[in-house]
Amino acid sequence: MTAVLIVALVTGALLFGIGLYGALSQTNLVMIMMGVELILAGALVNLVAFWRFLHPHVYAGQMFVLIIMTVMALEMAVGFGIAVARFRSRGSVEMEEARDLNG
Amino acid sequence: MISGARAYTDNGVRRWLARAMARDLGTLVVPGLEIARLHGLDVGAAGLRSVASPRHASVLLVVGALPPALCQAAAVLYAQMMRPRIVLALGDEPLSPLPSADIRLGLSQRELLEGVRQLRVLLADGAFQTTAIDFEPAILSTRTEYTCPMHADVIRDEPGTCPRCGMTLIPREAQHDDHTGMDHAAMGHGQPEHKESTDHAHAEAHVRPESTDEDHAGMDHAAMSHGQPEHKDSAEHAHADKQHGDDHSDDHGQMNHDDMDMDFMSMVEVTRDLPRGSDGLQMDWLEVPFGPLFPGLPGGLTLTLTLDGDNVARAQASAPVGIEQARLTEPDEVATFVERISQTDRLAPLAYRLLVYRALENAANAVLDANSIRGRVGALERERICSHLGWLAQFGQQIGFGWLARRAAVLQLAARNADVRKLQQLRPQLVALTQRLQRTPLLKQRLRGIGVLMDDGGLRGPVARAAGAYDDLRLQEPAYQDLNFETVVRPHGDALERLRIRLAELTNSAMLIDAVGVIDASSTFAHMEAFHHLSGSGQASIETPRGAASLQMTLDQGRVISARLDTPSTRHLPRVASLIEQCELGDALTAVASLDLSPWEVMQ
Amino acid sequence: MKHPTMTTSDNGIVLLILSLACVGVVAGLYGFARAIGRTRPEPGKDVPASAGQMSRDPVWVRYHARYLGYALLFLAFDMEMAFMYPWAVVYKQEGVVALLDMGVFLGILFLGLLYGWSQGALRRQ
Amino acid sequence: MILAQSLLVGFFGAAAVAFGVWVFRTSSMMRSALALLFSQTALGAMFLAMQTEFLGVLQIMMMATEMSIMAIFMVMFMMDPGGLGEMDMSHQKRLAIAAALVATTLSIAVVILVDWGKPTAVPPGAAQQVRELGTELLGRSMMLFETAGVTILTAMIAATAIAVDGRPYGKQKPAAAAMNQQHKPPLDEEAQS
Amino acid sequence: MTVFLALVSMLLYIYVIAVIEASLRTGRVNAALPLFAALALLGRESIVPRKCDRIFFETAPILLLLSALLAAAVLPLAPGLMITDLATGALFINAALAYVLVALLMAGWGPDGAYALIGGWRFLGQLLAYSMLIVMPITAVAMRASSLLTTDIVTSQAELWNIVYQPLGFVLFFIAAMALAFLPPFDLPTAQGELAGGVEAEYSGVRLAVFRFGRLALITALAAATTVLYLGGWYGPWLPAWAWSTLKLLGVASAMLVAGHYLPRIREAQLLAWAWKFGIPLALLNIFLVGVLVLVLS
């Protein structure tokens, strides 16, 4: 069982790493959000693994997973809202240009 | 045996598959189902399944003669069909650049049935053959050119990088210079910069009528940058500075344009010149052809829509199959002229034949007896019924209303050659159809407020009457006045009103035929000799199913030396562009279909 | 209350096998079709069909989705489902408390919907 | 059984990671968005393999629609959504890779070094999980659940307020567009028909 | 063995539904037509458009078929006659059917053709309309059954079918199911008269066969879901359980197919507006009504 737990946690760590890379390296707001989604997905795996293997009778763990999923969705809703507004006013959602144009 | 067979030996399994293929005949009808119905062809009853995409078809059914533009379009469709594919041509006309027809028969339902029978035999036996010939006409050959994915106006013959943004140019095909009359060829070779800039400026002005000074600056800028791609950098920087009052953007821009291999490109610059959609977002626009052989529109009508998402940002409508003014004015014998006019509009041949005869009779000051006049009224009204039913069938297909498409087609085929008694029997069915449509859920919501055209004197026929105009030549004709004819007029001018006008006219025309009691036009056409040495000029107009058409002609010793024809679709076609701009795609197509345009009668 | 005789992983494995079998069958069909014959390359054949004209340009462009107002509301509103299923299962057992709890929750969400409606999110943009 | 479970968990985990990597390695935005979608789906399948059935199915369901919506926003706002120009859309790559490597190494080290104790072999049954989660939702975590509701409300309001042009209908559009949308002919309509 | 039986009956249903669809189109009943059509497609060429996204283009038909099959896998035809009885079956149906959208987006984007592209994005808009109306009525059904197991949902209807218990939910679910299966009048992504086939336009030969088969499987799965969730599954007098399931399933499928024949295609803007302004409030009302009923009756 420990092996499964460690596989799951390593998956979570890898997803976190990929997400972090994406969030830092991408220039576009929407792509950055994809990175953030991956980071949150990493957190999700860890939470599920912890609940399943360590505290299967504490359902606050599952509740926490639901909350993370909600956060993922809301992050997208608000993020896209910002993207639409930015694009409407600037014609771009590139972060570098956000810096330049805000000046 | 079949030119579109697959090149494989015909072993056991393939033979079985070929037999199955002979039972499932997906068909593309060229120029369209509406033309097939006008010739009394019931494609469905013959066992052919009409499909929308050439990928799903194995039979190309050619009905009658094809103008050159449609021949080419049909060749493109044929090239996109999957093998085994087969051409069934009804009528004795040349098809080039299509391969010669695998089966060629006359233009009647009986021969269509025979054709389908032969076709099944041919497919079952010859779907797989040891050899096959490639179909490669000149219009399909291409050359490769290179374009920047962000700047559509940058086009080079060699691979490389974009001079404006430094991105790798991507290959795309372009048609060879063979002036096919299609827009793409022109786009690739002509002066795309100028076309683009004017179009953009126009679009911007249209989309944002309350444009401010800044917007005008933007338009000028767009024109400038597109017109002179090599020298645009300085202008663009100056503009950027003015707009944002920001030193950074200048530095940034310098970096962009001086170093060709920069690692970052500015999206602001890419999007700035683009026109804004109605919600202020600047998206890429996509030019999509709908026609000349689009399943939801009459064959020959070509819409080129520039789509902003699924909104129509700009539209161009043309009818490459229309009447050429040059051919009309060509001096000719009366007899051939009559044939030419009455064959040009394939959707209302009788009305145009009557029109020419009236003009001739007016020129000769001939007087018709009352019986002939009544016979003509009957024939004209029967054609109106058929035309409206044909429109209903096509409209039903376009709005995805399967029942309507079938029911109207069945009625049209029944009414096509019906005599007075037969039409009397059909009348309850016409009334039932009308009532059924009035009760259909979703239909009102689908059509109300779509394609609003208000009357300004330029509309004709049902389209004008749906917009509240008493535009009906029949009101002035004594023959109709004797019958106490009253025309139907409705106020709002949208697609729903046009539907209602045509439905009301179906029953009205049936009642008129009932009142005149005779349908007979052909006997009044017999005396062609009377015009053989006629000189002078004649003018006539007639209320065709689509509205008033008029003809003015001058004759000299039995030869037509000049003629001027005015047709309703010629007046309606230019309205299409402004009618559907900023409409959703489906609404736009519904609006166009509701006009009942006949591409054949459009004057070029 | 009946309980499934199979555990989650058994079920999952059945579904996995079903999926693989389905992909296998489809691959078999493709193989069969290929054995019948290859597609003959001809000019113009592989160009996307567009009503009798040759469309040459790529259409992968920035697409203007007019329903973005709905999409934004949907993203948020959709999350309610995550909470409603477990709630529905224990609804009978919990009774009025459950009704009230979910009533408040959905009421709050419905306010958001009303706000979006009033601001014009519920229409083509 | 445990071996099969670890294999499945490992397989789906690897799939999730592979799709995750693909997200940033393709220049087609559509591929990128759907790679993220399938990464999340693989995670859902992994949850199923870990016998967390409700959460797994929920993940598979939610992410399919959410990531598809993400796809349309990607296509709306990225310069070259088809990836035809093979454009590189990244910056400070070295820093990003370094940060990601450090973070991943650290977390994996923690995962391996920490003593996780004796993991539970058999979790509660799937149906029971849903019931218990429901009870939790209406009991101890009730406030959390209602707070989530308020958060969703906030997000809805925020997203609408920023993104949607709130002017009354027809003001922000040319007349033709307004007419197209909700044109209602005058009321004498019914009287005439 | 039951798995095998369930699969075979699925295939039979799909075939019968194909026959119904074909006879609606041609106006004549011909039981062999779908077989010929399928064989003909196998024998034709199947093309991959140039410069397409090959992965998407190839995956889409398979994914469509797969999602329909997986959704059908958790639906019982008779006690025990199902592929697998998942503890979260009612949720799993939604999860599997969500991938219909993914398949259509792929089919739309893949071939790089304008009609397909517009069709694909249109279906995303359609999802925004129907999705809630699938999920919320199912929640109300789960409330009555106190379980997400599809067999429990059927047994909860032993005395009173859900169509009587929650008619509002049934109506919403039925309409939304038609929209999910992009049947007329909701055939926006494949509209013939508007998009010349839309997402289907570039598929040919064996790929089109798989796509069409997936579409039929989707209709079957949705008809089965309607039967299980609202029409009391296998319950009914005199006839054996599987016969009742079969009758109800085919009845629902025919109703879906016939309805579209007599209606014009809906406009996307109106579909979205009605779904959000009337559909979702009604779905919430349905949940509330069922909630009150459940409390009163227990």
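For clarity, every value in this text was computed on a predicted model and none was experimentally measured. All chains are named by letter (A, B, ...) in the order of the sequence lines, taking the proteins before the strands, and each is independently numbered beginning at 1.
- Only the side chain of D:Ile69 has a heavy atom closer than 4.5 Å to any heavy atom of chain C.
- If you tally non-hydrogen atom pairs under 4.5 Å between each of D:Pro123, D:Gly139, D:Gly149 and chain C, the highest count goes to D:Gly149.
- Proximity to chain C (any heavy atom under 4.5 Å) is restricted, for D:Leu58, to the side chain, taken from C-beta onward.
- In this structure, chain D has a heavy atom under 4.5 Å from the side chain of C:Tyr67, while its backbone stays farther away.
- By number of non-hydrogen pairs under 4.5 angstrom with chain C, the leading residue of D:Met62, D:Glu66, D:Met50 is D:Met62.
- Looking at C:Val61, the atoms closer than 4.5 Å to chain D (heavy atoms on both sides) all sit in the backbone: N, CA, C or O.
- Interface remark: D:Ala45 contributes no atoms to any contact with chain C (heavy atom separation under 4.5 Å).
- Between the CH2 atom of C:Trp87 and the CG atom of D:Leu137 there is a distance of 10.0 Å, given to the nearest 0.5 Å.
- Side-chain contact between C:Ile108 and D:Glu146: present, with at least one pair of heavy atoms (C-beta onward) separated by less than 4.5 Å.
- D:Met30 does not touch chain C: none of its heavy atoms, backbone or side chain, sits under 4.5 Å away.
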Note to self: Using ring-ring contact (aromatic ring centres under 6.0 Å, His included), reason through C:Phe83 and D:Phe145 one step at a time and then give a plain yes or no.
What the structure shows: CA-CA 8 Å; C:Phe83 299 100; D:Phe145 160 58; 5.5 Å; yes

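- Interface residue C:Leu16: only side-chain heavy atoms are found under 4.5 Å from chain D.
- In this structure, no portion of C:Phe110 lies under 4.5 Å from any heavy atom of chain D.
- Contact count against chain C (heavy-atom pairs under 4.5 Å) is highest for D:Val75 among D:Thr135, D:Ile72, D:Val75, D:Leu133.
- Proximity to chain C (any heavy atom under 4.5 Å) is shown, for D:Thr151, by neither the backbone nor the side chain.
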